[in-house]
Each structure stands twice: as structure tokens, then as C-alpha cells.
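The structure appears below as C-alpha cells.
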Amino acid sequence: MARVVTAGEVVGIDVADEMLRRAEAASPGIANVRYVWGSAEKIPSGDNAFTKVLSVESFYYYADQGKALDEVRRAMAPGGRLFILINLYRDNHYSLRWVTELKVPVQVHSEAE
């Protein structure tokens, strides 16, 4: 993402130190990206900091999804856009095997939810 952003900074946020380490290792020399430890329920930024927020295969991990959405609203600038990409949901029987294999709590909802 940082390679296509021509103005501004891309910030990667994760609660897993290992994922942050891997992201840093995969992006040497990219000046407009930084990685910080944080959770969706307490985003390490000021108010109105982001114009776009992308959550990839993580929303189902949030214990309090409402709190996470409130926190995204706080951190997102007016007119900002939120994109949530998930493949793990109740109606996708192919993905449900991950619920037992992940061995961590997940919030699995239906497609309609």
C-alpha cells in the first residue's frame, strides 16, 4: 500500500510483535510506512488521524467489535473510509475450519450480520 500512496503515510497496527517484525522485514527502504503496536479497541493515534482504514482478516478477533468500530470512528478523519475484509463468517463453510484451528476466540457472524 505504501508504494502506491503518493502523499501521506501508511501506518500498520498490530497486537502481535511477530507480525510487526515480519512487516518491517518485508518493507525495507519504504520511507512512508511505519508499524506500531496497538489494538483496534485502542488505536495509538490522535483523533481524525486517518483518511482510510483497512482491516484485513482481523475483525473477527475483536472481543468487543462495537468498541473497535467506535475507536475507528474516533481515529478516522471526517469523510474517511473504512474497509473491512473478512472471509471467516458463518455462511462460508470453507472458512469455519479456522475457528477450531486458530485456537483463539473469534466472533463469527453470518453474512447478513
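- Taken together through direct or relayed side-chain contacts under 4.5 Å among Ile, Leu, Val, Met, Phe, Trp and Tyr, L82 and V11 form part of one hydrophobic cluster.
- Under the 4.5 Å side-chain heavy-atom criterion for Ile, Leu, Val, Met, Phe, Trp and Tyr, M19 and W98 are members of distinct hydrophobic clusters.
- In this structure, CG on L20 lies 12.0 Å from CZ on R34, to the nearest 0.5 angstrom.
- The backbone N or O of L69 sits nowhere less than 3.5 Å from a side-chain atom of R74 that would complete a donor-acceptor pair.
- Y61 contributes atom OH, which lies 11.0 Å from atom OG of S55 (distance to the nearest 0.5 angstrom).
- To the nearest 0.5 Å, the span separating CD on E113 from CG on D91 amounts to 8.5 Å.
- In the hydrophobic cluster analysis, where Ile, Leu, Val, Met, Phe, Trp and Tyr join through side-chain heavy atoms closer than 4.5 angstrom, V106 is grouped apart from V56.
- Looking at N92, its side chain does come within 3.5 Å of a backbone N or O of N87 through a donor-acceptor pair.
- Between S27 and Y35, the side chains place a donor N or O and an acceptor N or O closer than 3.5 Å (distance only, hydrogens not considered).
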When you look at R90 and E111, which way does the salt bridge (Lys or Arg N to Asp or Glu O under 4.0 Å) test go after all the steps? CA-CA 7 Å; R90 190 171 297 125; E111 184 176 359; over 6 Å; no
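- For the pair V15 and G38, the tightest heavy-atom approach, listed with the atom from each and the gap, is CG1-O, 3.2 Å.
- Hydrophobic cluster membership is shared by L88 and V104, with clusters built from Ile, Leu, Val, Met, Phe, Trp and Tyr side chains linked at under 4.5 angstrom.
- Minimum heavy-atom separation, R97 to T100: O-OG1, 3.1 Å.
- Between the OH atom in Y60 and the CD1 atom in I84 there is a gap of 12.5 Å [rounded to 0.5 Å].
- H109 contributes atom NE2, which lies 8.0 Å from atom CD1 of I86 (distance to the nearest 0.5 angstrom).
- Counting non-hydrogen atoms of neighbouring residues, nucleotides and ligands closer than 6.0 angstrom, the OH atom of Y94 reaches no more than 12 such neighbours.
- Taking every heavy atom of both residues into account, I30 and A2 meet most closely at CG2-CB, 3.6 Å.
- Summarising the geometry of V36 relative to P44, their closest heavy-atom pair is CG2-CG, 3.8 Å, with the distance given to 0.1 Å.
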Verdict with supporting geometry, E71 and K67, salt bridge (Lys or Arg N to Asp or Glu O under 4.0 Å): CA-CA 6 Å; E71 182 65 356; K67 182 177 180 181; over 6 Å; no
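- If you take OG on S58 and CD1 on I13, they are separated by 10.5 Å, rounding to the nearest 0.5 Å.
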